[in-house]
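Working notes for the structure below.
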Amino acid sequence: MRFPAFTSIRASLICLVLVAILPALCIMLFTGYSLRENTIQSAQSSVLRQIQTMATHHEQVVANARLMLATLARAREVQQFDPPDSQILLEEMLAANPAYVALALSDATGRIVAVSPVESFASIESEPYFVQAMQTGRFAMGHYRLLEKTRHVLMEFAQPVIDRDGTTRGVLVASFDLSYFGQIFVDFHLPEGSVFTLTDHDGLRLTRFPETEKYTWVNDLPRMVERMSGQEEEGTFLERGVDGVRRLYGFKRLNFPDTPLQGLMIRLGQPESQALSAARRAVVWNFISLALAAALALSAAWFVGEHTILRRLERLMAATDRLGTGDLSTRTGLDHADGELGQLAAAFDRMAASLEVHDHDRRRAEEECCLLNTELEERVFTRTAELARANADLQSALENLRQAQSQLVMSEKLAALGGLVAGVAHEINTPVGVALSATSTMAEKNRVLADLFARGEMKRSDLSEYLDSAREGLEMGLLNLNRASDLIRSFKMVAADQISENRRSFNVREYVGQVLLSLRPKLKKTSHTVEVVCDEDLVVESYPGAFSHILTNFIVNTLTHAYDEGQAGHIRIEIARSDGVLNLTYSDDGRGMPPDVQDKIFEPFFTTARAKGSTGLGLHIVFNTVTRTLGGTVTCCSAPGHGTTFQVRVPVGQGEA
């Protein structure tokens, strides 16, 4: 298999160079890919460490709140529920812990005893965190809530105040503002475009830095929630944020069982363009290095090929072009000892010299061929004229043969018709003769009776005898004349159908009877029986004359070939119609035919009884009638000693009764 790219030597050299440096290129690609993967993993690890740090800060907020409130609960001012001293203590603790926006002390009924700032709390008796702290006597956390004015999200921590007797006397409350994470976010000095998001387990975005007011207390993106809700509690992924920027996100899912913080999701994202910039620079540098290495190798291959191979090849190609234009005296002019190209030049020069010699011989041979061609053309012209005359003679002979064949077929038809006429004439002769004798007798009886009447000697007995004789004679004459009429009518119909080629409707059973009646002169000379199996009401539309030809030739063929002299046989004709096709099965129980005879029975002029006057056209006429006139098929099945069966299948129309 040839590759179009390798048809040029320059391209082949370049490909060889590329193949040679391919391992190095593969190593560089693998190294670049590995560097890129390491860079991506490093960026993912960095984001994951940052989100872990943010999660740690959130966990520390909870731990610090628990520790601070537990410490305040043991303070003397709080234990004594001294409002002024407790107020001063809360203000000092709030100033020392900027992560909290409010601190409050309530009694066991939820009434505020001390609060800082003053407007932060009024009463907390119905707050869930207050109820939980009073009931359990342990640290409790409230749900996140939104301050509509500032769009800040707060969360309350509650610590019960228990005296020395173990009685819960009140609750300390600290309000934590999630905006505290904004300062931590700023302190991280993350790349521009980075975002930090807190989302609860229901998919509600609690806060986001930056653009806190715009994206706080709204539903988070479903695809973000789906990414962070898998089996892993922390990880990284690439996704497009709500602002349309694609970022590398690191997430961590906090787990504080039985608290509002259960399932809290912390997410930190850095723009993909900055997080993976080092990886992209590595890829770009690898491609630049590959391109430079490939360009250098290709330039070297081009230069070497141009000065060491292609110039000599151009001289060889120029010599080849001159040789192709017919200049057989051309030579390359290259040193034959100059390497492989020199050997190629030597072979070319030898070839050119050999072609020059062969061309001289060819020219001389062409001159001789021209002389021979002239003589051959004359011979061909003469032979063609002779063949034309012979072909004309053959065409004339073929036409004469066709005419003779047509005449023989017509003669066979006329002979069959003549035989039919002779047979019918013979059959008519008997009833007509009987009728004539009866009429002559009646005439004589009438003359005798008239003489007796004229002489006046007629007796009653003479008249009675005359009437009996007249009745008997008339009955005999009428019977034989009817018989002759039937024969004549059958002959007229069969003879007309044999000559005519008109298509008409006819009753098949009646028509077969008429054909057999016309063949009665031939059949009565034998002891054969004819059995016809056909529906009495079967009416078809076809060519009755064709069926007459077929049955007549089948029966004549049987009478001529199937039986020995004096032998009694049985002929069976079975006719039925199925799906618009008329099936005619003609069979006899005669001597049958060997296979070599059976193969030729439909050929014209083939017969095994030429000594008996057979022409060999009967079954040939049957074959042509079935296939051409009726458009059907005819087959023969026979074996020596087992009789012969002809199967005829022809399409017919639905006749009218």
Given the rule in the side-chain contact (heavy atoms from CB on, under 4.5 Å) test, do Ile573 and Cys534 qualify, once you have shown the distances and angles that lead to the verdict? CA-CA 8 Å; Ile573 302 172; Cys534 180; over 6 Å; no
Taking side chain as C-beta onward, heavy atoms only, is [X] less than 4.5 Å from [Y]?
X	Y	result
Leu559	Leu523	yes
Arg503	Tyr543	yes
Arg577	Asp535	no
Val652	Val650	yes
Asn391	Gln395	yes

Heavy-atom pair of closest approach, residues [X] and [Y]:
X	Y	answer
Ser194	Gln270	OG-CG, 3.5 Å
Ile555	Leu516	CD1-CD2, 3.5 Å
Thr644	Gly592	OG1-CA, 3.7 Å
Leu48	Phe251	CD1-O, 4.1 Å
Ala546	Thr625	CB-CG2, 3.4 Å
Leu248	Leu238	CA-CD2, 3.7 Å

So, Arg364 and Glu368, do they make that salt bridge, N to O below 4.0 Å?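 Answer for the salt bridge query: no.
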When you look at [atom1] of [X], are more than 12 heavy atoms from neighbouring residues, nucleotides or ligands closer to it than 6.0 Å?
X	atom1	answer
Gln567	CD	yes
His570	NE2	yes
Arg649	CZ	no
Glu232	CD	no
Glu192	CD	no

Which residues pass the side-chain contact (heavy atoms from CB on, under 4.5 Å) test with Glu239, sequence neighbours left out?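 Checked Glu239 against side-chain contact (heavy atoms from CB on, under 4.5 Å); matches are Arg223, Met224, Arg227, Phe237, Tyr249.
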Pairing residues for Thr585 by the side chain to side chain donor-acceptor pair (under 3.5 Å) criterion, not counting sequence neighbours: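 So Thr585 forms a side chain to side chain donor-acceptor pair (under 3.5 Å) with Gln647.
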Distance from [X] atom [atom1] to [Y] atom [atom2], nearest 0.5 Å?
X	Y	atom1	atom2	value
Ile621	Phe602	CD1	CZ	13.0 Å
Thr558	Asp589	OG1	CG	9.5 Å
Leu630	Ile550	CG	CD1	5.0 Å
Leu584	Ile575	CG	CD1	4.5 Å

Go through the side-chain N and O atoms of Thr645 and Ser587 and say whether any donor and acceptor fall under 3.5 Å apart.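 There is no such pair (donor and acceptor under 3.5 Å, judged by atom type) between the side chains of Thr645 and Ser587.
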If the plane angle is over 60° it's perpendicular, under 30° parallel, otherwise tilted; pick one for Phe554 and Phe646.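 Correct class here is parallel.
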Step-by-step side-chain hydrogen bond (donor to acceptor under 3.5 Å, both in side chains) determination, Tyr563 to Thr526: CA-CA 10 Å; Tyr563 302 103; Thr526 68; over 6 Å; no
I need the single residue from Leu619, Ile601, Val622 that forms a side-chain contact (heavy atoms from CB on, under 4.5 Å) with Cys636. Which is it?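 The side-chain contact (heavy atoms from CB on, under 4.5 Å) with Cys636 is passed solely by Ile601 among Leu619, Ile601, Val622.
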Evaluate Arg363 against Glu366 for salt bridge (Lys or Arg N to Asp or Glu O under 4.0 Å), listing each step before the verdict. CA-CA 5 Å; Arg363 291 178 183 275; Glu366 284 180 352; 5.8 Å; no
Sole candidate of Arg240, Arg247, Arg246 that passes salt bridge (Lys or Arg N to Asp or Glu O under 4.0 Å) when paired with Asp243: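 Only one of Arg240, Arg247, Arg246 forms a salt bridge (Lys or Arg N to Asp or Glu O under 4.0 Å) with Asp243, namely Arg247.
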Would you please indicate if the ring centroids of Tyr511 and Phe547 are separated by under 6.0 Å?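 No, the ring of Tyr511 stays outside the 6.0 Å limit from the ring of Phe547, centre to centre.
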